[in-house]
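This report concerns only the one structure given below.
Note that the structure is predicted; figures quoted are calculated from it, not measured. Both counts, for ligands and for their atoms, begin at 1 and track the order of listing.
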Amino acid sequence: MDLFESGYVVRDLETEDIEEIVEFEEENSPLPWTYNSFLGELYKDSYALVLEKEGEIAGYAVCWQVLDEFEVGLIAINKNFRGEGLGQKFMVFLIELALENNCELVNLEVRESNIPAIKLYKKLGFEVVGLRKNYYANNENALLMTLELTDEEEES
Ligand SMILES: CC(C)(COP(=O)(O)OP(=O)(O)OC[C@H]1O[C@@H](n2cnc3c(N)ncnc32)[C@H](O)[C@@H]1OP(=O)(O)O)[C@@H](O)C(=O)NCCC(=O)NCCS
């Protein structure tokens, strides 16, 4: 499935989206981002993105670039859209965004128990490079995962 050939678009998050996104976030995560945390991203130099099809929000992501490192702070696909390769396509979109911005690494933290996300990241070549103990508000550990953006990645 090609993200754009199949009618999906990625656009910037807007203030008007946030209420709806927070509702999705409460379904998508045991540690949901709040209205104010999304709102704050609009005033930073972040990539706060919405994935949608025909006006329906299918997913969202928030990323930051620090020098040549790209941090994926949040990525989610809403329940009705899961299991169809969309999360993988969206993640590849973010990796390409990092490449376009001359980043050498993509970093993220993931809850140790989040098997679907960990499998997705490993499938795309991310490696576990660290463990942050009791990182989350529920005391769960975070795995720190990194993808090195090599020339090979750039060519693929
Ligand atoms: C993780 C998430 C983004 C995956 O989105 P998705 O669109 O369902 O994923 P895809 O259909 O693109 O699947 C791609 C790969 O991810 C992995 N994966 C996805 N869902 C999985 C599941 N339920 N169990 C195991 N692996 C899974 C598999 O490796 C899959 O590849 P495969 O189909 O060849 O096995 C989605 O489950 C989600 O939004 N979860 C809640 C939010 C979240 O946890 N975000 C990550 C926070 S770090």
Side-chain angles (χ1 to χ4, degrees), residues 1-13 17-41 44 46-66 69-99 103 105-149 152-153 156:
M1 179 182 68
D2 182 282
L3 203 53
F4 301 108
E5 276 181 13
S6 45
Y8 287 93
V9 293
V10 178
R11 62 165 176 83
D12 289 336
L13 176 75
D17 300 313
I18 297 180
E19 261 180 45
E20 191 181 356
I21 297 261
V22 167
E23 280 176 29
F24 288 130
E25 180 63 0
E26 284 166 2
E27 288 176 12
N28 288 338
S29 173
L31 299 164
W33 280 38
T34 61
Y35 187 96
N36 283 337
S37 47
F38 281 106
L39 187 65
E41 295 304 325
K44 293 187 206 158
S46 309
Y47 298 96
L49 303 170
V50 169
L51 174 65
E52 70 176 12
K53 186 173 185 178
E54 292 158 8
E56 192 178 355
I57 295 177
Y60 46 91
V62 179
C63 309
W64 309 273
Q65 183 172 355
V66 182
E69 299 197 8
F70 195 85
E71 171 90 16
V72 178
L74 177 65
I75 177 170
I77 297 296
N78 295 337
K79 284 187 175 147
N80 292 347
F81 291 87
R82 285 191 201 156
E84 294 174 15
L86 202 51
Q88 184 170 329
K89 287 280 179 191
F90 198 20
M91 197 66 205
V92 168
F93 176 91
L94 298 177
I95 293 166
E96 285 170 355
L97 188 59
L99 277 167
C103 288
L105 287 178
V106 181
N107 301 316
L108 54 85
E109 280 101 18
V110 57
R111 283 181 299 106
E112 209 173 26
S113 66
N114 192 348
I115 304 301
I118 293 167
K119 283 202 172 170
L120 167 62
Y121 304 143
K122 285 193 172 165
K123 189 176 175 190
L124 292 175
F126 282 80
E127 290 181 1
V128 176
V129 293
L131 175 79
R132 299 195 200 282
K133 287 211 162 183
N134 308 321
Y135 181 76
Y136 294 101
N138 64 357
N139 286 334
E140 192 172 346
N141 297 337
L143 298 183
L144 176 57
M145 299 186 76
T146 290
L147 176 69
E148 281 188 42
L149 300 177
E152 200 181 62
E153 272 292 329
S156 66

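Close approach of ligand 1 to Asn28 (heavy-atom distance below 4.0 Å) involves ligand atoms 41 (C), 42 (C). Listed by number with element, the atoms of ligand 1 under 4.0 angstrom from any heavy atom of Glu84 are 11 (O). The atoms of ligand 1 that sit less than 4.0 Å from any heavy atom of Lys119 are 17 (C), 25 (C), 26 (N), 29 (O). Ligand 1 places these atoms under 4.0 Å from at least one heavy atom of Gly85: 10 (P), 11 (O), 12 (O). Below 4.0 Å from some heavy atom of Glu109 lie the following atoms of ligand 1, by number and element: 48 (S).
Protein non-hydrogen atoms do reach within 4.0 Å of atom 32 (P) of ligand 1. The nearest protein heavy atom to atom 35 (O) of ligand 1 is not closer than 4.0 Å. Distance remark: protein heavy atom present below 4.0 angstrom from atom 21 (C) of ligand 1.
Polar contact check, Ala76 against ligand 1: no nitrogen or oxygen pair lies under 3.5 Å apart. Remark: ligand 1 and Ile115 share no N or O pair separated by less than 3.5 Å (distance only, no angle test). For the pair Ile77 and ligand 1, the shortest N or O to N or O distance falls below 3.5 Å. Taking only nitrogen or oxygen atoms, main chain and side chain alike, Val110 does not reach within less than 3.5 Å of ligand 1.
Tyr8 has its side chain out of reach of Lys89: every pair of non-hydrogen atoms, C-beta onward, lies at least 4.5 Å apart. For the pair Ile57 and Glu20, the minimum side-chain heavy-atom distance is below 4.5 Å.
At a heavy-atom cutoff of 4.0 Å, ligand 1 is contacted by both the backbone and the side chain of Arg82. Contact annotation: for Asn114 versus ligand 1, heavy atoms closer than 4.0 Å belong to the side chain alone. Proximity of Tyr121 to ligand 1, defined as any heavy-atom pair under 4.0 Å, is confined to the side chain (atoms from C-beta onward). Neither the backbone nor the side chain of Met91 comes within contact range of ligand 1; no heavy atom lies under 4.0 Å.
Closest of all the heavy-atom pairs between Gly59 and Phe90 is C-CE2, 4.3 Å. Annotation for Asn141 and Asn134: closest pair OD1-N, 3.0 Å, computed over non-hydrogen atoms. Shown here for Gln65 and Cys103, the closest heavy-atom pair between the two residues is NE2-SG, 3.3 Å.
The nearest protein atom to atom 12 (O) of ligand 1, hydrogens excluded, is given as Gln88 N, 2.8 Å; this is a heavy-atom distance. The protein heavy-atom contact nearest to atom 4 (C) of ligand 1 is Leu120 CD2, 4.2 Å. Here the protein heavy atom with the shortest distance to atom 7 (O) of ligand 1 is Gly87 N, 2.8 Å. When only non-hydrogen protein atoms are considered, atom 45 (N) of ligand 1 lies nearest to Ile75 O, 2.7 Å. Protein heavy atom at the shortest distance from atom 27 (C) of ligand 1 is Pro116 CA, 3.6 Å.
With respect to Arg132 and Glu109, a salt bridge is recorded, a charged nitrogen being found less than 4.0 Å from a carboxylate O.
When each of Ile95, Leu105, Asn107, Val72 is paired with Leu147, the side-chain contact (heavy atoms from CB on, under 4.5 Å) condition holds for Ile95 and for no other.
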Report task. Given side-chain contact (heavy atoms from CB on, under 4.5 Å), test Arg111 with Leu31 step by step and report yes or no. Result -> CA-CA 10 Å; Arg111 283 181 299 106; Leu31 299 164; 4.0 Å; yes

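Annotation: Lys44, atom NZ; neighbour count of heavy atoms from other residues, nucleotides and ligands within 6.0 Å is above 12. Summarising the local packing, CD of Glu19 is surrounded by 12 or fewer heavy atoms from other residues, nucleotides or ligands at distances under 6.0 Å.
Partners of Glu71 by salt bridge (Lys or Arg N to Asp or Glu O under 4.0 Å), not counting sequence neighbours: none found.
Looking at Ala117, Ala58, Gly59, Gly83, it is Gly83 that brings a heavy atom closest to atom 6 (P) of ligand 1.
Ring geometry, Phe38 versus Tyr60: the interplanar angle exceeds 60°, so the pair is classed perpendicular (tilted spans 30 to 60°).
Using 4.0 Å as the threshold, Ser29 has no heavy atom nearer than that to any atom of ligand 1.
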